[in-house]
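Contents: one structure, followed by commentary.
Numbering of residues begins at 1 and proceeds along the displayed sequence.
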Amino acid sequence: MQFIRPRKAGGCSSLAAGFVLVVAGVCSILFLGSDVTLTCKRSTDTCIVEKTNVFGRKEAVASLPLSRVKSADVESHPTMSKAQKRNPTYQIVLKTDDGNIPFSNAWSREIRAHRQNATKINNYLSSSNESLVVVQFAKTVKLVGYLFMAVGCFALLRGFLGVLNIFRLFIPG
């Protein structure tokens, strides 16, 4: 005996789910999808960490003397779930006399890119080159955000059509 019969989600449920997915996608792109640039110049003894958001607006995150930067390391952070414990997330950290400065505001699984950027920074620190520019792109975060937005838009459209079908039942014709 079956008391509850299975059925598809209604229009209002699809609208709510779509709204949540679109908002999650937009928030991840806006808050975590910034490209981070490290620019160092030996002649001025400066290193500047800047974030460039999806609209192209740049914001200085940190400014410090180059002489205080000692090295760049890749740090790992274990994930919260037991199933993903073998796949930690990574972030580049600039080691300075005053403490550690994170290179970006997001942890990612792109270990190869992090190691390459840390190697570039460390090679520059041990060389006599005049300038260094290292960019860490947030393409994975942006792609996930766009995926959430696309699925959310599809759910919104499906929910909107479902709500329209409900209203058509009440309109005589």
message = Rounded to the nearest 0.5 Å, what separates atom NZ in Lys95 from atom CG in Leu125?
response = 13.5 Å

Residues 133-144, side-chain donor-acceptor partners within the protein, below 3.5 Å, at least two apart:
{"unit_1": "Thr140", "atom_1": "OG1", "unit_2": "Glu110", "atom_2": "OE2", "d": "2.2"}
{"unit_1": "Lys142", "atom_1": "NZ", "unit_2": "Asp35", "atom_2": "OD1", "d": "3.4"}

query = Between CG of Leu132 and OG of Ser127, what distance do you get to the nearest 0.5 Å?
reply = 8.5 Å

remark   = Of all heavy-atom pairs linking Ser34 and Lys51, the shortest is CB-CB, 4.2 Å

query = Is it the case that one hydrophobic cluster holds both Val54 and Met149, taking links as side-chain heavy atoms less than 4.5 Å apart, direct or via other members?
reply = yes

ask   = Between atom CG of Asp98 and atom NZ of Lys70, what is the distance when rounded to the nearest 0.5 Å?
value = 9.5 Å

query = Which heavy atom in Ile121 sits nearest to a heavy atom in Ala72, and how many Å separate them?
reply = CG2-CB, 3.7 Å

query = Which atom pair, heavy atoms only, marks the closest approach of Ser14 to Gly159?
reply = CB-CA, 3.5 Å

inquiry  = To the closest 0.5 Å, what do you measure between CD (Gln91) and CG (Asp73)?
reply    = 12.0 Å

message = Same cluster or not: Val61 versus Ile48, using hydrophobic residues (I, L, V, M, F, W, Y) connected whenever any side-chain heavy atoms lie under 4.5 Å apart?
response = no

query = Mind checking whether Val163 and Phe160 sit in one hydrophobic cluster, side chains of I, L, V, M, F, W, Y counted as touching below 4.5 Å?
reply = yes

key: Asn53 side-chain N/O to Phe55 backbone N/O, donor-acceptor pair under 3.5 Å   = yes

For residues 21-33, please give each side-chain donor-acceptor pair under 3.5 Å, one per line with the distance, not counting sequence neighbours.
{"unit_1": "Ser28", "atom_1": "OG", "unit_2": "Ala24", "atom_2": "O", "d": "3.3"}
{"unit_1": "Ser28", "atom_1": "OG", "unit_2": "Gly25", "atom_2": "O", "d": "2.9"}

task = Please check if Leu94 and Leu66 belong to a single hydrophobic cluster, counting links between Ile, Leu, Val, Met, Phe, Trp and Tyr side chain heavy atoms closer than 4.5 Å.
result = yes

request  = Quick one: pull up CG in Asp97 and CZ in Arg68 and give me the separation to the nearest 0.5 Å.
outcome  = 4.5 Å

key: Main-chain N/O of Thr119 paired with Tyr124 side-chain donor or acceptor, under 3.5 Å   = no

Phe148, CZ: over 12 other non-hydrogen atoms inside 6.0 angstrom = no

ask   = With side chains defined as the heavy atoms from C-beta onward, is the minimum distance between Thr37 and Lys58 less than 4.5 Å?
value = no

request  = May I ask you to decide if Tyr90's main-chain N or O and His114's side chain share a donor-acceptor pair within less than 3.5 Å?
outcome  = yes

message = Any heavy-atom pair between the side chains of Ser131 and Thr39 that's under 4.5 Å?
response = no

Test applied, side-chain contact (heavy atoms from CB on, under 4.5 Å); reference residue, Ile101; option that passes from Val69, Ile92, Val93, Leu64 = Leu64

